[in-house]
Amino acid sequence: MQNHNLINPQQSVSDTQFGQSYETAYQDFQWATAAKTLLGERAESNRFNQFSVCIARHAKASPTKTALLWHGKDNVREAYTFSALEAHALKFAQALKKLGIEKGDRVFIYMERIPEVFFSTFGILRAGAIVGPLFSAFGPEAILDRLQDSQAKAIVISSTLLPRLNAVRQLLPDLEHVIVVNRNPESNDKLKNKEYCYNALVEAESATEAGLPEITADCSSVMHYTSGTTAKPKGVLHRHQAVIAQAETSRMVLDLRPETDIYWCTADPGWVTGTSYGMFGPWALGCTMLVYEGGFDASKWYELIAFYKVSVWYTAPTAIRMLMKAGDNLPKQFDLSTLRHLCSVGEPLNPEAILWGKAILGRVFHDTWWQTETGSMHICNYPVMPVKPGSMGKPFPGTEAAILSDDWHSLGAGEEGHLAIKPLSPSMFKAYWQKEALTQSRFKNGWYITGDRARRDDDGYYWFVGRADDVINTAGHLVGPFEVENALVEHPAVAEAGVIGKPDKDRLEIIKAFVSLKVGYTPSEELAGEIKQFVRKRLSAHAYPRELSFVENLPKTRSGKIMRRLLKARELGLPEGDLSTLED
């Protein structure tokens with residue numbers, strides 16, 4: 001059974017960036033006012049872009065303020081001010097111009113989490129090109145799909161990843177320039193035709209905007225590729241104006257305070273959270289951010305929080321569950337007293353993780369819901385509002401949400417249906433790249449149809465049920481996998497769980513669970529039976545898993561989402577489809 005008990009806010013209204021109650025903020029909010037507060041008169045003329053908002057204006061107003069604290073996986077530390085970021089980005093923009101990169105050209109970034117990711121992102125944006133972020137874990141086929149589909153003209157790539165590109169390069173006739181970043185000055189790698197040394201290009205330029213094109217709010221900015229249930233990924237195109245929503249949600253949801261906060265977003269820059277909230281939103285406010293090059297390590301993460309005195313932390317449910325798996329005693333070895341606000345993103349956050357954060361870290365994780373297509377947070381839990389563990393929260397001010405029936409009419413409280421959003425936010429995507437019919441199919445009766453199923457309770461809180469294509473029909477009962485997974489992870493032996501519907505001749509589908517156990521527990525038929533009955537008592541006779549398999553790990557995307565479609569494909573012996581977003 002989900003824990004619906006309210007957890008009171010950790011901070012008073014006057015102690016947050018909200019500045020007032022949720023109800024008052026929602027009633028009074030206007031996007032035009034938010035834009036003018038952030039940008040002044042430039043908001044009305046649309047003469048702004050993500051480079052000018054996030055970098056240039058802070059470089060002018062606070063040139064010595066630290067923007068980026070970078071911690072390498074080998075413990076090398078580097079720090080960059082806003083003026084340093086501006087200089088790096090402008091030099092790269094000038095280099096791109098000299099190479100012939102024009103407004104609207106697609107330039108991809110394929111690197112580990114190193115400072116050059118941030119330099120090149122804002123350099124590409126200032127040059128007027130469209131940034132295409134890529135996961136550093138992508139293999140040759142994933143790179144080929146995205147560069148081919150977008151007709152990318154250039155790519156900025158780490159020398160360590162160059163062999164993966166070379167494996168498919170002959171199939172990319174539109175790719176004119178390969179810009180290689182090598183952080184090892186002792187390397188003697190020789191560049192081939194159409195390959196350029198990043199450092200050499202940048203060092204030859206001046207940090208000036210002279211000759212660069214004018215970039216306004218409605219210009220295209222970033223294109224993230226997402227992959228759903230189909231085999232081919234699709235490009236989600238955004239505009240510079242998205243920074244308004246990214247900044248406002250960073251202020252009101254993440255509660256960022258530029259004067260004092262050290263902020264850490266653990267998302268990879270190849271994922272939309274790594275740009276929207278690992279670059280644009282926080283830097284639009286002028287915050288100092290920590291970036292860690294390495295992957296997940298519970299002890300290392302706690303060490304980083306303590307060393308850098310992190311105060312606001314934005315991470316993923318998978319990471320939180322892995323921290324839980326590492327034990328309750330580990331965090332006691334570190335001074336985590338600077339943490340004041342915690343948020344989660346990527347997939348719904350299980351109630352157990354929220355209760356664990358409160359008990360062990362002394363802070364509640366605030367879940368946030370949004371999508372690659374929405375570009376910024378849309379339904380959230382706020383520091384001024386009580387948290388219902390397991391709930392998505394309430395719509396962000398300036399957002400209108402609804403639960404719709406199959407014929408696209410609004411449903412009442414307690415009814416399950418399609419989660420829909422009015423496309424009011426400046427961050428709503430412009431289009432799927434060269435897929436007009438698909439773009440139009442996502443809008444019905446003035447609503448953007450998210451593809452998620454949810455319900456709204458009497459208090460206005462939204463509850464995630466599952467992706468529309470994940471919902472299980474068992475004997476005529478519709479069961480959301482998230483509800484079953486929540487019940488499973490409440491069992492003391494279960495670390496993580498994934499649930500699918502498996503075809504059944506009598507019930508149409510039965511619920512099958514895949515379970516990863518905590519340290520100290522051993523798979524057995526007895527334990528499987530105990531876990532199934534545990535769930536049955538908490539839910540109902542039709543909503544418990546009739547089959548259960550133990551697995552070492554669940555397949556997840558690099559952004560932390562459990563790949564239920566992959567669990568189902570493997571269980572039924574079906575084609576696995578696109579695996580480019582599968583984590584290592």
Problem set entry | Nearest heavy atoms of Pro555 and Leu567, plus distance in Å | CD-CD2, 3.6 Å
For this session: I would like to know whether Asn199 and Val202 meet side chain to side chain contact (heavy atoms under 4.5 Å, CB included); could you show each step before the answer?
Result: CA-CA 5 Å; Asn199 287 339; Val202 170; 5.8 Å; no
Problem set entry | Worked check of salt bridge (charged side-chain N to carboxylate O under 4.0 Å, His left out) between Arg564 and Glu485 | CA-CA 12 Å; Arg564 296 187 187 92; Glu485 290 163 1; 2.8 Å; yes
Exercise. Looking at residues at least two apart in the chain, or sitting in another chain, which of them share a side chain to side chain contact (heavy atoms under 4.5 Å, CB included) with Ser62?
Worked result: Lys65
Problem set entry | Any Leu175 side-chain heavy atom under 4.5 Å of Ile155 side chain | yes
Exercise. How many angstroms lie between atom CD1 of Ile262 and atom CD1 of Ile305, to the nearest 0.5 angstrom?
Worked result: 13.0 Å
Exercise. If you look at every heavy atom in Val131 and Thr121, which pair is closest and at what distance?
Worked result: CG2-O, 3.6 Å
Exercise. For the residue pair Trp447 and Ala401, what are the closest heavy atoms and their distance?
Worked result: CZ3-C, 4.0 Å
For this session: Please name all residues satisfying side chain to side chain contact (heavy atoms under 4.5 Å, CB included) with Pro140, sequence neighbours left out, ordered by chain then number.
Result: Arg164, Ala167, Val168
Exercise. So, Asp218 versus Thr216: side-chain donor-acceptor pair below 3.5 Å or not?
Worked result: yes
For this session: Spell out, as yes or no, whether a donor-acceptor pair under 3.5 Å connects the side chain of Thr368 to the backbone of Cys380.
Result: no
Exercise. Is a donor on one side and an acceptor on the other found under 3.5 Å between the side chain of Thr450 and the backbone of Leu419?
Worked result: yes
Exercise. Which of these, Lys234, Arg106, Lys435, sits in a salt bridge (Lys or Arg N to Asp or Glu O under 4.0 Å) with Asp149?
Worked result: Lys435
For this session: Without swapping roles, check the side chain of Trp31 against the backbone of Gly398 for a donor-acceptor pair under 3.5 Å.
Result: yes
For this session: Name all pairs fulfilling the ring pair (Phe, Tyr, Trp, His ring centres under 6.0 Å) condition that reach into residues 144-167, sequence neighbours left out, sorted by first residue then second.
Result: none
For this session: For residues Phe118 and Tyr80, establish whether the separation of their ring centroids is below 6.0 Å.
Result: no
For this session: Over all heavy atoms of both residues, which pair between Lys422 and Asn445 is shortest? Give the atoms and the distance, please.
Result: NZ-O, 4.2 Å
Exercise. Under a 4.5 Å cut-off applied to non-hydrogen side-chain atoms, are Thr318 and Phe296 in contact?
Worked result: no
Exercise. Can you tell me how far the CD atom of Glu116 sits from the CD1 atom of Ile157, to the nearest 0.5 Å?
Worked result: 13.5 Å
Exercise. Going by heavy atoms in the side chains, are Ile244 and Gln246 under 4.5 Å from each other?
Worked result: no
Exercise. For Thr66, does its backbone N or O pair with a side-chain atom of Thr288 as donor and acceptor, under 3.5 Å?
Worked result: yes
Problem set entry | Salt bridge present between Lys97 and Glu102 (N-O < 4.0 angstrom) | no
Problem set entry | Atom CD of Glu41: over 12 foreign heavy atoms under 6.0 Å | no
Seminar exercise, completed: Quick note, side chain to side chain donor-acceptor pair (under 3.5 Å) partners involving residues 369-378, not counting sequence neighbours, are Tyr314-Trp370, Trp369-Asp452, Gln371-Tyr448, Glu373-Tyr432, Ser376-Ser427
Exercise. Using a distance-only test with no angle check, is there a side-chain donor-acceptor pair under 3.5 angstrom linking Ser136 and Glu112?
Worked result: no
Seminar exercise, completed: Sorted by chain and number, sequence neighbours left out, side chain to side chain contact (heavy atoms under 4.5 Å, CB included) with Met289 holds for Tyr263, Pro282, Trp283
Problem set entry | All pairs passing side chain to side chain donor-acceptor pair (under 3.5 Å) where residues 81-95 contributes a residue, at least two apart | Thr81-Ser83
For this session: Scan residues 153-162 for pairs that pass salt bridge (Lys or Arg N to Asp or Glu O under 4.0 Å), counting only residues two or more places apart or in two chains.
Result: Asp105-Lys153
For this session: Could you pull out all residues at least two apart from Arg169 that satisfy salt bridge (Lys or Arg N to Asp or Glu O under 4.0 Å)?
Result: Glu195
For this session: Rounded to the nearest 0.5 Å, what's the gap from CG on Leu69 to OH on Tyr292? Could you check?
Result: 15.0 Å
For this session: Only counting residues at least two apart or in another chain, list the ones meeting side chain to side chain contact (heavy atoms under 4.5 Å, CB included) with Ala284.
Result: Val53, Cys54, Val243, Ala247
For this session: May I have the step-by-step check of side chain to side chain contact (heavy atoms under 4.5 Å, CB included) for Leu254 and Thr249, ending in yes or no?
Result: CA-CA 7 Å; Leu254 297 179; Thr249 48; over 6 Å; no
Exercise. With under 30° as parallel and over 60° as perpendicular, where do the rings of Phe122 and Phe280 fit, or are they tilted in between?
Worked result: perpendicular
For this session: State whether the side chain of Asn49 and the backbone N or O of Ile215 hold a donor-acceptor pair below 3.5 Å, judged by distance alone.
Result: yes
Seminar exercise, completed: For Ala245 and Pro426, the nearest pair of non-hydrogen atoms, with its separation, is CB-CD, 4.1 Å
For this session: Would you check if the side chain of Ser52 reaches a backbone N or O of Phe48 as a donor-acceptor pair within less than 3.5 Å?
Result: no
Problem set entry | Which residues share a salt bridge (Lys or Arg N to Asp or Glu O under 4.0 Å) with Arg251, sequence neighbours left out | Glu248
For this session: Check Phe82 against Ile55 and note the closest heavy-atom contact, atom names and distance.
Result: O-CG2, 3.9 Å
Problem set entry | From CA spacing to verdict: side chain to side chain contact (heavy atoms under 4.5 Å, CB included), Val312, Trp264 | CA-CA 6 Å; Val312 179; Trp264 185 22; over 6 Å; no
Problem set entry | Enclosure of Lys103 NZ (heavy-atom neighbours >12, cutoff 6.0 Å) | yes
Problem set entry | Spatial distance of atom CZ (Arg183) from atom OH (Tyr198) [nearest 0.5 Å] | 9.5 Å
Problem set entry | Six-ring centre of Phe92, Arg126 cation under 6.0 angstrom, axis tolerance 45° | no
For this session: Check the side chains of Tyr225 and Asp145 for a donor-acceptor pair under 3.5 angstrom, ignoring hydrogens and angles.
Result: no
Exercise. Backbone N or O of Ser516 within a donor-acceptor pair of the Glu496 side chain at under 3.5 Å?
Worked result: no
Problem set entry | Check: Thr208 main-chain N/O paired with Ser206 side-chain donor or acceptor under 3.5 Å | no
Exercise. If you measure from CD1 on Ile130 to OG on Ser220, what distance do you get to the nearest 0.5 Å?
Worked result: 4.5 Å
Seminar exercise, completed: Separation between CD1 (Ile320) and CG (Leu342), nearest 0.5 Å, reads 8.0 Å
Exercise. Hey, is the main chain of Ser221 close enough, under 3.5 Å, to the side chain of Gln50 for a donor-acceptor pair?
Worked result: no
Exercise. Partners of His240 by ring pair (Phe, Tyr, Trp, His ring centres under 6.0 Å), sequence neighbours excluded?
Worked result: none
For this session: Could I get the full list of ring pair (Phe, Tyr, Trp, His ring centres under 6.0 Å) partners for Tyr196, not counting sequence neighbours?
Result: His177
For this session: Please answer whether the main-chain N or O of Ala142 pairs with a side-chain N or O of Arg146 as donor and acceptor at a distance below 3.5 Å.
Result: yes
Problem set entry | Aromatic Trp271 / basic Arg113 pairing, under 6.0 angstrom, 45° off normal | no
